[in-house]
Amino acid sequence: MEQKFIEILDSTLRDGEQTNGVSFLPHEKLMMARMLLHDVNVDRLEVGSARVSDGEKDAVTMICRYARQIDRLESVEVLGFVDGHESIDWIADCGCRTLNLLAKGSLKHCRQQLGKTPEEHIDNIRQSVSYARERGISVNLYLEDWSNGMKDSPDYVYQLMDALVDSGIRRFMLPDTLGIMNPLQVIEYFRKMVKRYPDTHFDFHAHNDYDLAVSNSLAAVLSGARGLHVTVNGLGERCGNAPLSSVQVILKDQFHAVTNICEDKLNAISRMVESYSGIAVAPNQPIIGDNVFTQVAGVHADGDSKDRLYQNDLVPERFGRKREYALGKTSGKANIAKNLEELGLELTPEQQRRVTERITELGDKKEIVTQEDLPYIVSDVLKHDAESDNVKLVSYVVSTAYGLKPGANVKVEINGQQYEAGATGDGQYDAFVKALRFIYRKYLDRTFPLLQNYAVSIPPGGRTDALVQTVITWNDNGRLLRTRGLDADQTEAAIKATFKMLNIIESELSKEL
């Protein structure tokens with residue numbers, strides 16, 4: 001069976017930016033475009049809408065300049081409108097060479113939104129296509145609300161297509177604008193389009209209102225679509241669009257189609273877009289969620305040790321990730337054994353049993369246990385925690401006052417030697433960390449890991465007056481460490497997380513010596 005090639009158009013920078021509350025700065029758009037074109041290797045990139053703002057024009061101009069440098073300018077596309085010359089001139093001024101022209105794909109939209117007859121709309125589209133070609137710009141055509149058009153006014157859709165199929169338009173892009181379709185309807189409508197216009201390139205643009213965007217995208221491919229539109233993390237208007245990562249793996253694994261996507265970069269682009277958009281990825285989001293490569297049940301960890309009994313083709317290494325085994329009340333000794341093995345900790349069966357009991361006890365209290373916590377749990381259980389802490393907090397004072405910067409005085413013990421320093425910062429914890437940085441730089445001549453992310457929450461099941469959980473992600477020369485602290489005081493919880501990180505690093509250094 002011959003494998004089918006599918007073009008992937010990413011619309012994160014255009015349709016994805018229509019997510020409620022999302023607005024990208026020009027330089028953020030450029031950074032995402034660079035990764036999508038160069039690293040992820042999408043075939044096409046829809047980067048914005050014409051005439052939106054000066055900032056949008058700056059972003060599109062910068063992206064086009066970059067794309068030209070890497071010989072990918074033909075991959076950059078901009079949404080434009082049937083508005084005479086305005087959109088086309090705007091796009092040309094940005095240096096872009098591909099217009100995605102927005103036309104009406106249903107009779108209702110044509111008559112009620114534009115107030116025009118089909119003939120008038122067709123004539124306006126032809127004029128736009130002709131002018132774009134004069135300016136050296138190729139044209140793809142969106143048939144907005146095509147799904148309702150095929151449902152309520154198919155004769156109008158065919159009238160539009162009959163008039164435009166030979167007009168020089170490169171691709172006809174068929175959107176389910178309101179996300180109303182199911183896979184059976186996609187198959188029915190797409191097959192009608194492909195049968196009537198067999199030599200035409202059709203894209204499908206799905207929306208996720210019924211949680212069917214990915215299924216509908218696959219149905220479109222099965223029925224003759226040559227291209228699919230996606231967004232990173234499924235961003236988009238209302239319920240969003242088809243997520244790039246999910247569409248990619250289903251095309252490859254379920255349909256055996258070929259794309260140009262570099263799967264090992266999907267997690268990196270997801271994290272970048274999550275950061276710039278401010279829209280968090282759900283932990284159980286397939287492929288890119290925090291939890292999707294984490295086994296919780298101990299029986300699963302046991303099965304993984306016996307010829308990957310609980311694994312499928314979605315192996316984490318494929319996406320630049322690794323499998324983890326959660327620690328909690330359902331972990332069982334197999335999960336814990338795998339975590340201990342990865343950390344290089346060797347325990348007797350009796351010691352493992354006691355550690356398992358302790359983790360189960362913590363899980364019953366809804367405390368989150370991570371791999372980084374495991375050495376400390378082992379130390380606590382075996383009563384060796386005092387000797388194993390190479391970095392200890394001896395004492396500290398933090399202060400804040402109106403009109404003055406918060407300050408911190410810190411005394412620590414590192415490998416038996418005490419050091420003291422003071423600093424001011426933008427907050428109490430910031431001052432505390434700056435004092436530690438000073439100690440590590442002046443007295444130890446060592447760099448202090450960079451704080452990558454800082455999140456504060458109430459532990460699962462907690463109340464507003466319960467303990468505070470602080471989760472800090474550190475960058476230690478390119479390696480990410482994530483540690484947690486739990487305390488009634490937010491600053492104290494952050495300090496606990498910090499010393500967990502320092503002891504992890506110190507323990508590793510002592511092993512190397």
Side-chain angles (χ1 to χ4, degrees), residues 275 278 362 365-370 372-373 375-377 379-380 385-477 479-509:
S275 175
L362 290 168
K365 294 178 180 178
K366 291 187 178 287
E367 289 197 32
I368 295 174
V369 182
T370 70
E372 289 82 2
D373 294 320
Y376 299 92
I377 294 172
S379 294
D380 180 55
D385 54 318
E387 288 78 14
S388 66
D389 282 354
N390 296 314
V391 184
K392 299 177 183 178
L393 179 60
V394 177
S395 62
Y396 77 95
V397 175
V398 291
S399 63
T400 184
Y402 181 76
L404 298 174
K405 275 198 163 191
N409 288 295
V410 180
K411 181 184 286 187
V412 295
E413 182 179 307
I414 305 172
N415 296 321
Q417 181 70 41
Q418 291 192 359
Y419 306 95
E420 187 173 348
T424 59
D426 293 329
Q428 291 181 345
Y429 177 66
D430 184 53
F432 184 92
V433 171
K434 283 182 176 176
L436 282 178
R437 287 187 190 284
F438 178 84
I439 290 170
Y440 270 72
R441 184 177 63 251
K442 180 176 180 180
Y443 299 113
L444 303 179
D445 193 25
R446 281 163 48 186
T447 58
F448 193 92
L450 295 174
L451 192 150
Q452 187 94 2
N453 194 27
Y454 180 103
V456 178
S457 65
I458 298 168
R463 306 183 306 279
T464 54
D465 59 350
L467 295 174
V468 174
Q469 177 177 262
T470 303
V471 182
I472 305 179
T473 303
W474 307 89
N475 188 326
D476 180 34
N477 294 318
R479 177 184 63 150
L480 295 184
L481 287 172
R482 187 168 62 174
T483 53
R484 287 172 168 82
L486 203 64
D487 198 87
D489 179 78
Q490 178 180 326
T491 301
E492 183 70 24
I495 289 171
K496 287 181 177 179
T498 305
F499 274 79
K500 283 187 181 183
M501 174 272 296
L502 292 174
N503 273 294
I504 289 170
I505 293 174
E506 206 65 39
S507 176
E508 292 172 348
L509 287 173

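Applying the salt bridge (Lys or Arg N to Asp or Glu O under 4.0 Å) test to every pair with at least one member in residues 421-430, sequence neighbours left out, gives these pairs: K405-D426, D430-K434.
A distance-only check finds a donor-acceptor pair linking the side chain of R437 to the backbone of F448 [under 3.5 Å]. Remark: the backbone N or O of N503 is not paired with any side-chain donor or acceptor of N390 at under 3.5 angstrom.
Of the charged side-chain nitrogens involved, none lies within less than 4.0 Å of a carboxylate oxygen, so that D389 and K392 do not count as a salt-bridged pair.
Scanning both residues, P449 and D476, for their nearest heavy atoms gives CG-OD1, 4.0 Å.
The side-chain heavy atoms of N475 and R479, taken from C-beta on, include no pair separated by under 4.5 Å. Looking only at side-chain heavy atoms (C-beta outward), L451 and I472 come within less than 4.5 Å of each other. Counting only heavy atoms from C-beta outward, the side chains of L480 and W474 never approach each other to under 4.5 Å. T491 has its side chain out of reach of F432: every pair of non-hydrogen atoms, C-beta onward, lies at least 4.5 Å apart. Under the 4.5 Å side-chain criterion, counting only non-hydrogen atoms from C-beta, V456 is in contact with Y454. With contacts defined as side-chain heavy-atom distances shorter than 4.5 Å, the pair L502/Y440 qualifies.
In this structure Y396 satisfies the side-chain hydrogen bond (donor to acceptor under 3.5 Å, both in side chains) test together with E492, sequence neighbours excluded.
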### Task
Tell me, with the steps shown, if I505 and M501 meet side-chain contact (heavy atoms from CB on, under 4.5 Å).
CA-CA 6 Å; I505 293 174; M501 174 272 296; 3.6 Å; yes
### Query
E508 and I504: side-chain contact (heavy atoms from CB on, under 4.5 Å), yes or no, with the steps?
CA-CA 6 Å; E508 292 172 348; I504 289 170; 3.8 Å; yes
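At a cut-off of 3.5 Å, with distance as the only test, no side-chain donor of T470 or Y429 sits close to an acceptor on the other residue.
Separating the CG atom in L450 from the CD atom in Q452 is a distance of 8.0 Å, to the nearest 0.5 Å.
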Below 3.5 Å, can you tabulate the donor-acceptor pairs from side chains in residues 406-425 to any protein atom, sequence neighbours excluded?
from : atom 1 : to   : atom 2 : distance (Å)
N415 : ND2    : E506 : OE2    : 3.0

